[in-house]
Amino acid sequence: KQWYQRRVRARKRNKEDLTKVAEDITNRMQRNTQMLASMVRQQEETVKTLASSSSEIKEVDGEYRTLSSVLISSHRLVTKFGRRAMTDTILTYLGFFFVFVYCSVCHSKASIFLILVI
């Protein structure tokens with residue numbers, strides 16, 4: 001009879017131990033499930049952030065390309081106007097030179113004419 005009672009007690013203890021182990025495993029699995037759900041939510045937010053960042057980068061890239069072409073065109077125009085300004089300066093000096101030469105020639109002819117007349 002004692003042997004039977006010990007065996008029944010041992011079985012009850014085994015059942016209680018198994019129940020505790022099963023509860024412990026269940027609790028751990030619930031915590032793991034919650035952690036996984038939390039990680040999935042974080043990853044969803046990360047994907048949304050990446051998608052919005054990607055679209056912003058594409059926008060900025062388009063603006064950069066537009067501004068780059070505008071800067072290239074502006075550089076060409078400034079260079080062209082710089083050359084024109086240099087050409088205008090040279091032509092102005094040449095004009096002054098020819099006017100000076102013309103005035104000098106006219107003055108020398110007038111001087112020769114005056115010498116001949118007098």
Side-chain angles (χ1 to χ4, degrees):
K1 194 173 184 187
Q2 286 181 344
W3 176 81
Y4 179 74
Q5 287 177 350
R6 274 191 245 156
R7 191 166 174 150
V8 170
R9 283 184 203 148
R11 281 186 187 168
K12 282 184 181 179
R13 269 190 252 140
N14 282 344
K15 284 182 181 180
E16 289 173 0
D17 289 344
L18 288 174
T19 304
K20 286 181 183 178
V21 168
E23 286 177 3
D24 193 35
I25 290 172
T26 303
N27 289 337
R28 287 182 186 173
M29 289 178 72
Q30 285 177 343
R31 282 191 299 239
N32 287 342
T33 303
Q34 290 171 353
M35 276 180 33
L36 286 172
S38 173
M39 290 173 74
V40 167
R41 282 192 297 274
Q42 288 176 348
Q43 288 177 357
E44 286 174 350
E45 290 181 21
T46 302
V47 167
K48 287 178 186 175
T49 303
L50 284 173
S52 67
S53 297
S54 177
S55 66
E56 288 179 19
I57 287 174
K58 286 178 183 175
E59 262 182 56
V60 169
D61 182 54
E63 291 175 9
Y64 172 76
R65 289 178 191 268
T66 303
L67 289 176
S68 176
S69 65
V70 167
L71 286 174
I72 290 170
S73 298
S74 299
H75 180 269
R76 287 180 187 155
L77 284 173
V78 166
T79 305
K80 184 186 279 187
F81 288 138
R83 280 182 276 168
R84 284 188 179 173
M86 181 60 108
T87 305
D88 289 347
T89 304
I90 291 171
L91 289 175
T92 303
Y93 284 127
L94 279 174
F96 283 134
F97 175 73
F98 285 126
V99 167
F100 178 73
V101 168
Y102 179 76
C103 289
S104 297
V105 168
C106 286
H107 181 66
S108 66
K109 283 186 180 180
S111 297
I112 293 175
F113 182 71
L114 285 176
I115 291 174
L116 292 175
V117 172
I118 299 179

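With a 4.5 Å cut-off between side-chain heavy atoms of Ile, Leu, Val, Met, Phe, Trp and Tyr, the cluster of V21 takes in I25, M29.
To the nearest 0.5 Å, atom NZ of residue K58 and atom OG of residue S53 are 12.0 Å apart. Summarising the geometry, atom CD1 belonging to I57 is positioned 14.5 Å from atom OH belonging to Y64; distances are rounded to the nearest 0.5 Å. In this structure, OG1 on T79 lies 4.0 Å from NE2 on H75, to the nearest 0.5 angstrom. Summarising the geometry, atom CG belonging to L77 is positioned 12.5 Å from atom CD1 belonging to I72; distances are rounded to the nearest 0.5 Å. The line from CG of L94 to OG1 of T89 is 11.0 Å long, rounded to the nearest 0.5 Å. Between M86 atom CE and D88 atom CG the span is 11.0 Å, to the nearest 0.5 Å.
Both V105 and F97 are part of a single hydrophobic cluster, where members link through side-chain heavy atoms under 4.5 Å apart. Residues V101 and Y93 are members of separate hydrophobic clusters, defined by side-chain heavy-atom contacts under 4.5 angstrom among Ile, Leu, Val, Met, Phe, Trp and Tyr.
With sequence neighbours excluded, the residues satisfying salt bridge (Lys or Arg N to Asp or Glu O under 4.0 Å) with R28 are D24.
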For residues 36-51, please give each side-chain donor-acceptor pair under 3.5 Å, one per line with the distance, not counting sequence neighbours.
residue : atom : partner : partner atom : Å
T46     : OG1  : Q42     : O            : 2.9
T49     : OG1  : E45     : O            : 2.9

